[in-house]
Novice: 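After the structure tokens below, expect a handful of questions from me.
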Amino acid sequence: MPVSDYSARTELLLGEDVLARLGQVRVLLFGVGGVGSWCAEGLVRSGVKRLTLVDADVISASNVNRQLMATPDTVGRVKVEALRDRLLEIAPDAEITTLQKVFTAETAGEFAMEEYDYILDAIDSFKDKSELILRATRTPAVFFCSMGAACKVDPTQIRVAEFWNVRGCPLGAAIRKKFKQNHTWPGHKFRCVYDEEVLPNRGGEGLPETDLFNKAQINGSLAHITAIFGMTLAGLVIQDVYHKVVD
């Protein structure tokens, strides 16, 4: 199959000019887990060619239920590298850059965020997500954010709203509270993918307790929910590019 053939249906809908622009934009994606891995696939299948993947983790057996590149054969591999291999099977002409790093306040300067057209947040850590929001919204890039996708089973409750209008999401509420307490504010408005459903964990006794304000909580999550979150995040980029070209 010629490399260009996989974009034929995309071009039919979006047009040559939008597809060309999708191939030019530079996208920086933080986190390639349950949400981020599907976001990356949605972007590349839709014509995004210049994508940087940031994640420090390796694939574990517990990732197989929901992360795109996680299979029994890839357990132990670096997540960004396994995902890059998957994406290049789809689009061999894509430029996939991988950074096996953790985003924190201390490492924020290492990612050249000002060089990107779009910055996407699919990380779990409350502290690091809060920092990324503040930093990314002070760059020229368009920023989109995923809130928590765990503890949910109903796909019809997934929606998109501006950050300050996100309701029913404990993670979003905690970040807003922190910003208000610290009198620190995002540089501009931005949209989030979120879901008001919060179910209790019904199994998994013995999982270690974690603190929402320092690291990601360990909660149950499902592939159909995380995939819709990720594809919606990708869709926000595609929609934004489309309207900037067509409108």
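The shown structure was predicted, so the numbers you read here are calculated from the model rather than taken from an experiment.
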Novice: Measuring only between side-chain heavy atoms, which start at C-beta, is Lys177 closer than 4.5 Å to Lys180?
Specialist: no
Novice: So that I can tick it off, tell me whether Arg135 and Glu131 are bridged by a salt bridge, with the cut-off set at under 4.0 angstrom between side-chain N and carboxylate O.
Specialist: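 Salt bridge: yes.
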Novice: Does the gap between the ring centers of Phe30 and Phe111 come in under 6.0 Å?
Specialist: yes
Novice: With rounding to the nearest 0.5 Å, note down the distance linking OG in Ser46 to OH in Tyr6.
Specialist: 9.0 Å
Novice: Measure from NZ or CZ of Arg191 to the centre of the six-membered ring of Phe144 and say whether it is under 6.0 Å with the direction within 45° of the ring axis.
Specialist: no
Novice: Do the side chains of Leu51 and Thr97 get nearer than 4.5 Å, heavy atoms only?
Specialist: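 No, their side chains stay 4.5 Å or more apart.
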Novice: Can you tell me how far the CG atom of Asp55 sits from the CG atom of Leu83, to the nearest 0.5 Å?
Specialist: 9.5 Å
Novice: Can Asp121 and Lys129 be counted as an ion pair, charged N to O under 4.0 angstrom?
Specialist: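 Lys129 and Asp121: salt-bridged.
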Novice: With distance as the sole criterion, is a donor-acceptor pair present between the side chains of Tyr116 and Thr52 under 3.5 Å?
Specialist: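 Yes.
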Novice: What's the spacing between Ile59 CD1 and Thr74 OG1 if we round to 0.5 Å?
Specialist: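 Rounded to the nearest 0.5 Å, the CD1-OG1 separation comes out at 3.5 Å.
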Novice: Taking all non-hydrogen atoms of both residues, which atom of Ala150 and which atom of Asn219 are closest, and how far apart?
Specialist: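 Where Ala150 meets Asn219 most closely, the heavy atoms are CB-CB, 3.7 Å.
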Novice: Any Lys/Arg nitrogen of Arg77 or Asp85 sitting under 4.0 Å from an Asp/Glu carboxylate oxygen of the other?
Specialist: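 Salt bridge between Arg77 and Asp85, a charged N being under 4.0 Å from a carboxylate O: yes.
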Novice: Tell me whether Lys49 is salt-bridged to Asp93, with the criterion being a basic N under 4.0 Å from an acidic carboxylate O.
Specialist: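 Salt bridge: yes.
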Novice: If you measure from CG on Leu199 to NZ on Lys152, what distance do you get to the nearest 0.5 Å?
Specialist: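 Between Leu199 CG and Lys152 NZ, I get 8.0 Å after rounding to 0.5 Å.
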Novice: Please tell me if the side chains of Leu53 and Leu87 come closer than 4.5 Å, counting only heavy atoms from C-beta onward.
Specialist: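 SC-SC contact between Leu53 and Leu87 confirmed.
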Novice: Locate the shortest heavy-atom distance separating Val44 from Ala91; write the atom from each residue and the value.
Specialist: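 For Val44 versus Ala91, the nearest heavy atoms are CG1-CB, 3.6 Å.
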Novice: Could you grab the distance from atom OH of Tyr242 to atom CD1 of Ile238, nearest 0.5 Å is fine?
Specialist: 12.5 Å
Novice: Val102 versus Thr107: any side-chain heavy-atom pair under 4.5 Å?
Specialist: no
Novice: Evaluate the side-chain contact (heavy atoms from CB on, under 4.5 Å) criterion for residues Ile133 and Phe190: first the C-alpha distance (whole Å), next the side-chain angles of each, then the deciding distance (0.1 Å), finally the verdict.
Specialist: CA-CA 9 Å; Ile133 288 171; Phe190 61 96; 3.5 Å; yes
Novice: Using only atom types and a distance under 3.5 Å, with no angle test, would you say the side chain of Arg26 pairs donor to acceptor with the backbone of Asp117?
Specialist: no
Novice: Are Val153 and Phe229 connected into the same hydrophobic cluster when the rule is that any two of I, L, V, M, F, W, Y join if their side-chain heavy atoms are below 4.5 Å apart?
Specialist: no
Novice: Is the shortest side-chain heavy-atom distance between Leu14 and Leu22 below 4.5 Å?
Specialist: yes
Novice: For Tyr194 and Phe163: C-alpha separation, side-chain torsions, deciding distance, then whether side-chain contact (heavy atoms from CB on, under 4.5 Å) applies.
Specialist: CA-CA 10 Å; Tyr194 74 105; Phe163 170 68; over 6 Å; no
Novice: Which heavy-atom pair separates Ala136 from Thr139 by the least distance, and what is that distance?
Specialist: O-OG1, 2.8 Å
Novice: Would the distance check show the side chain of Asn182 and the main-chain N or O of Thr184 forming a donor-acceptor pair, the cut-off being under 3.5 Å?
Specialist: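 Such a contact is absent between Asn182 side chain and Thr184 backbone.
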Novice: Using the rule that Ile, Leu, Val, Met, Phe, Trp and Tyr join whenever any side-chain heavy atoms are under 4.5 Å apart, tell me whether Val245 and Leu43 fall into a single cluster.
Specialist: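 Yes, Val245 and Leu43 fall within the same hydrophobic cluster.
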Novice: Is the closest side-chain heavy-atom distance between Val193 and Leu236 below 4.5 Å?
Specialist: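 The answer is yes, as the side chains (C-beta and beyond) meet within the 4.5 Å cut-off.
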Novice: Check the side chains of Thr71 and Asp73 for a donor-acceptor pair under 3.5 angstrom, ignoring hydrogens and angles.
Specialist: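 Not at all, the side chains of Asp73 and Thr71 share no donor-acceptor pair under 3.5 Å.
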Novice: With the side chain counted from C-beta on, respond yes when Val198 and Pro170 share a heavy-atom pair under 4.5 Å apart, and no when they do not.
Specialist: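 The answer is yes, as the side chains (C-beta and beyond) meet within the 4.5 Å cut-off.
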Novice: Go through it in stages, so that I can follow the logic: the residues are Leu134 and Phe179, the test is side-chain contact (heavy atoms from CB on, under 4.5 Å), and I'd like the CA-CA distance, side-chain angles, deciding distance and then a yes or no.
Specialist: CA-CA 9 Å; Leu134 295 176; Phe179 288 165; 3.7 Å; yes
Novice: Evaluate side-chain contact (heavy atoms from CB on, under 4.5 Å) for Leu132 paired with Asp128, printing each intermediate quantity in order.
Specialist: CA-CA 6 Å; Leu132 178 56; Asp128 298 336; over 6 Å; no
Novice: Looking only at non-hydrogen atoms, find the nearest pair between Ile175 and Ser130 and report the distance.
Specialist: CG1-OG, 3.6 Å
Novice: Can you name the closest pair of heavy atoms from Ile228 and Thr232 and give their distance?
Specialist: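 Smallest heavy-atom distance, with atoms named: O-OG1, 2.6 Å.
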Novice: Kindly check if the number of other-residue, nucleotide or ligand heavy atoms within 6.0 Å of CD (Glu16) is above 12?
Specialist: no
Novice: Might you confirm whether atom CZ of Arg167 has over 12 heavy atoms from other residues, nucleotides or ligands at distances under 6.0 Å?
Specialist: yes
Novice: Assess whether a salt bridge exists between Asp17 and Arg21, defined as any Lys/Arg side-chain N lying under 4.0 Å from an Asp/Glu carboxylate O.
Specialist: no
Novice: Just checking, any donor-acceptor pair under 3.5 angstrom between side chains of Ser7 and Thr10?
Specialist: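 No - no donor-acceptor pair under 3.5 Å links their side chains.
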Novice: Assess, by modelled atom type and distance only, whether the side chains of Lys79 and Gln67 contain a donor and an acceptor separated by less than 3.5 Å.
Specialist: yes
Novice: Evaluate Thr226 against Arg66 for side chain to side chain donor-acceptor pair (under 3.5 Å), listing each step before the verdict.
Specialist: CA-CA 7 Å; Thr226 61; Arg66 71 198 183 284; 5.7 Å; no
Novice: Using every non-hydrogen atom in the two residues, find where Leu88 and Ala94 come nearest and quote the distance to one decimal.
Specialist: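 Looking at all heavy atoms of both residues, the shortest contact is CD2-O, 3.6 Å.
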Novice: Charged N to carboxylate O under 4.0 angstrom, Glu196 versus Arg159?
Specialist: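 Arg159 and Glu196: salt-bridged.
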Novice: Is it the case that over 12 heavy atoms from other parts of the model lie below 6.0 angstrom from the NZ atom of Lys244?
Specialist: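 Correct, the count exceeds 12.
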Novice: Could you tell me whether a side-chain N or O of Asn201 sits under 3.5 Å from a main-chain N or O of Gly203, the two making a donor and an acceptor?
Specialist: no
Novice: Output the distance between atom CE (Met69) and atom CZ (Arg86), rounded to the nearest 0.5 Å.
Specialist: 11.0 Å
